[in-house]
Amino acid sequence: MDLSSVNACPVLADSTPINQTILGFHTSVLSLPIPKKKPCKLDDVRSNGWLDAMQSSSPPRKKMLKDIAIELASDDTDHAYYSWMLKYPSALNSFHHIANRAYKKKIVIFLDYDGTLSPIVDDPNRAFMSVDMRSAVKGVAKYFPTAIISGRSRDKVYELVGLAELFYAGSHGMDIIFPAKDTVSINHTNCIRSTDEQGKEVNLFQPAREFIPMINEVFRTLVEVTKDIPGAFVENHKFCTSVHYRNVDEKTWPMIAQCVHDVLKDYPRLTLTHGRKVLEIRPLIDWDKGKAVEFLLESLGLSNINDMLPIYIGDDRTDEDAFKVLREGNRGYGILVSSVPKESKAFLSLRDTLEVKEFLKSLVKWKEQMSTTGN
Ligand SMILES: O=P(O)(O)OC[C@H]1O[C@H](O[C@H]2O[C@H](CO)[C@@H](O)[C@H](O)[C@H]2O)[C@H](O)[C@@H](O)[C@@H]1O
């Protein structure tokens, strides 16, 4: 794999200003412990754009605003946000448009997990959704087919969401499970009939199955090469693996990037994508969250745009593939969750997880009203 092509990954122009301190990382970084077998060169990741992508990978968390100077800055930020909303209107304020368009159609809901159903937190193992959010998701699933499409492993995201009535797609859509009874057609060689833990018949779609041993090996190597970098955390998602740097000192980001880069060099069949303060290593196959959305709609017999209205809510770069699919042919609504302006293929926006919850509750309320009026 030509690693320079990683530079061309769809990195969103996040509004977060690029911190220029990056130019001065050299001295501090070189004094850090360097993994033994493969000395990091710290050259490649500067030229291939990884560092820029890392710098812009997540908006800063809101600070407590205490002094006037910061409040003024905050006014500017709000102004920029409201201007941005002219292009990406609030899904809450646009609810009547969605409702009009959904008339006599079946709404299908797709939800990302981190940053959409649970707020972004420092520890990925503590990204819990609130009781209220779970009840809102349960509410929509009562009326509309609802799928969770996450970068996490399917088992992990199921454990976090805990609702058996949903469809689940883990590892960025590379691990999909849904009940056989809901299937209309499956036109995919990688889909097999299986049974779940409760013995129910399910369809299991795992287009990257052959990569499991490779991902395990890369995971172990990444754990080893990053073990001396304080704050680095590596997760194994079965079909992909993630290296988190949210808790790593920013001066050390070039080192973490170079370590991942050096490991990836030996795996031309793997590629890298950028998430929110996370480097994600995954199989180089033509599959992403957008393809997972198309696959689920087709399998459930919901691909005719005259009959259904898909709504996808997500906050991350990997969700852009799904937004793109819905934008093409004006199939449905992509809704970006963001508290800062950023370019997106989504049509609408929500500011944070609280607004996501409000939106889901509005859908339920609307559906219940429609039912009582016989529509
Ligand atoms: O597709 P998603 O469901 O949004 O999963 C994407 C990644 O989410 C998790 O990381 C992110 O959330 C963490 C918890 O808030 C945060 O600490 C981290 O910085 C974020 O990148 C998850 O841990 C990753 O493995 C997923 O790929």
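In listed order, ligands and their atoms are each counted from 1. Computed from heavy atoms alone, side chains included, the values below leave out hydrogens, waters and symmetry copies. Just so we're clear, the structure is a prediction, and the values are computed from it rather than from any experiment.
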Checklist entry - Mind checking whether Phe211 and Phe239 have ring centres under 6.0 Å apart? => result no
Next on the checklist: As a quick check of understanding, evaluate side-chain hydrogen bond (donor to acceptor under 3.5 Å, both in side chains) for His172 and Glu280, giving each step before the final call.
Outcome noted: CA-CA 10 Å; His172 298 292; Glu280 305 195 285; 3.3 Å; yes
Checklist entry - Can you find an N or O of Arg276 that's nearer than 3.5 Å to an N or O of ligand 1? => result yes
Checklist entry - Relative to ligand 1, is Val157 under 4.0 angstrom through side chain, backbone, both or neither, heavy atoms considered? => result neither
Item to check | Sub-4.0 Å heavy-atom contact, Arg126 with ligand 1 | outcome: no
Checklist entry - Between His274 and ligand 1, which residue portion shows a heavy-atom distance shorter than 4.0 Å: side chain, backbone, both, or neither? => result neither
Item to check | Nearest non-hydrogen protein atom, atom 10 (O) of ligand 1 | outcome: His244 CE1, 3.4 Å
Checklist entry - So is Asp112 polar-close to ligand 1, meaning N/O to N/O under 3.5 Å? => result yes
Listed pairs under 3.5 Å, donor-acceptor, residues 199-209 side chains, sequence neighbours left out:
unit_1: Asn203; atom_1: OD1; unit_2: Arg193; atom_2: NE; d: 2.9
unit_1: Asn203; atom_1: ND2; unit_2: Thr183; atom_2: OG1; d: 2.4
unit_1: Gln206; atom_1: OE1; unit_2: Arg209; atom_2: NH1; d: 2.0
unit_1: Gln206; atom_1: NE2; unit_2: Asp175; atom_2: OD1; d: 2.8

Checklist outcome for this item: ligand 1 to Ser242, heavy atom cutoff 4.0 Å, flagged ligand atoms 25 (O), 27 (O)
Checklist entry - Would you find more than 12 non-hydrogen atoms of other residues, nucleotides or ligands less than 6.0 Å from Lys105 atom NZ? => result yes
Next on the checklist: Strictly below 4.0 Å, N to O, side chains only: are Lys365 and Glu368 in salt-bridge contact?
Outcome noted: no
Item to check | Criterion salt bridge (charged side-chain N to carboxylate O under 4.0 Å, His left out) on Lys156 and Glu159, from CA distance to verdict | outcome: CA-CA 5 Å; Lys156 182 70 192 175; Glu159 184 189 314; 3.6 Å; yes
Checklist outcome for this item: Closest non-hydrogen atoms of Arg101 and Tyr333, given as atom of the first, atom of the second and distance, are CD-OH, 3.5 Å
Checklist entry - Which bit of Pro119 gets closer than 4.0 Å to ligand 1, counting heavy atoms only: side chain, backbone, both or neither? => result backbone
Item to check | Polar contact flag for Asp316 and ligand 1 (N/O pairs, less than 3.5 Å) | outcome: no
Checklist entry - Got a salt bridge between Lys265 and Asp262, using NZ or NE/NH1/NH2 to carboxylate O under 4.0 Å? => result yes
Give every donor-acceptor pair under 3.5 Å between a side-chain atom in residues 289-302 and any protein atom, sequence neighbours left out.
unit_1: Lys289; atom_1: NZ; unit_2: Asp112; atom_2: OD1; d: 3.1
unit_1: Lys289; atom_1: NZ; unit_2: Ile149; atom_2: O; d: 3.4
unit_1: Lys289; atom_1: NZ; unit_2: Thr318; atom_2: OG1; d: 3.4
unit_1: Lys289; atom_1: NZ; unit_2: Asp319; atom_2: OD1; d: 2.8
unit_1: Lys291; atom_1: NZ; unit_2: Asp286; atom_2: OD1; d: 2.9
unit_1: Glu294; atom_1: OE2; unit_2: Arg331; atom_2: NH2; d: 2.8
unit_1: Ser299; atom_1: OG; unit_2: Phe295; atom_2: O; d: 2.8

Item to check | Protein residue, atom and distance nearest to atom 27 (O) of ligand 1, heavy-atom basis | outcome: Glu280 OE2, 2.2 Å
Next on the checklist: Could you identify the single nearest non-hydrogen protein atom to atom 14 (C) of ligand 1 and state the distance to 0.1 Å?
Outcome noted: Val121 O, 3.4 Å
Next on the checklist: For the 3.5 Å polar cut-off, considering only N or O atoms, please tell me whether Arg246 and ligand 1 meet it.
Outcome noted: yes
Item to check | Within-cut-off N or O pair, Gly151 and ligand 1, under 3.5 Å | outcome: yes
Next on the checklist: One thing to verify: whether Lys227 and Glu224 come together as a salt bridge, which I'm taking to mean a side-chain N less than 4.0 angstrom from a carboxylate O.
Outcome noted: yes
Checklist outcome for this item: In this structure, atom 24 (C) of ligand 1 is nearest to the protein heavy atom Glu235 OE1, 3.5 Å
Item to check | Steps toward side chain to side chain contact (heavy atoms under 4.5 Å, CB included) verdict (Arg246, Phe233) | outcome: CA-CA 9 Å; Arg246 179 171 297 278; Phe233 176 55; over 6 Å; no
Checklist entry - Where on Ser150 is there a heavy atom closer than 4.0 Å to ligand 1, on the side chain, on the backbone, on both, or on neither? => result both
Checklist outcome for this item: In ligand 1, the atoms that come under 4.0 Å of a heavy atom of Val278 are 21 (O)
Checklist entry - Counting from 1, what ligand 1 atoms have a heavy atom of Asp122 closer than 4.0 Å? => result 17 (O)
Next on the checklist: Quick check on contacts: which atoms of ligand 1 are under 4.0 angstrom from a heavy atom of Tyr113?
Outcome noted: 3 (O)
Item to check | Aromatic plane relationship, Phe167 with Phe178 - under 30° parallel, 30 to 60° tilted, over 60° perpendicular | outcome: perpendicular
Next on the checklist: Is there a polar contact, in the sense of an N or O pair closer than 3.5 Å, between Asp315 and ligand 1?
Outcome noted: no
Checklist entry - Nearest to atom 8 (O) of ligand 1, what protein heavy atom do you find, and at what distance? => result Asp114 OD2, 2.9 Å
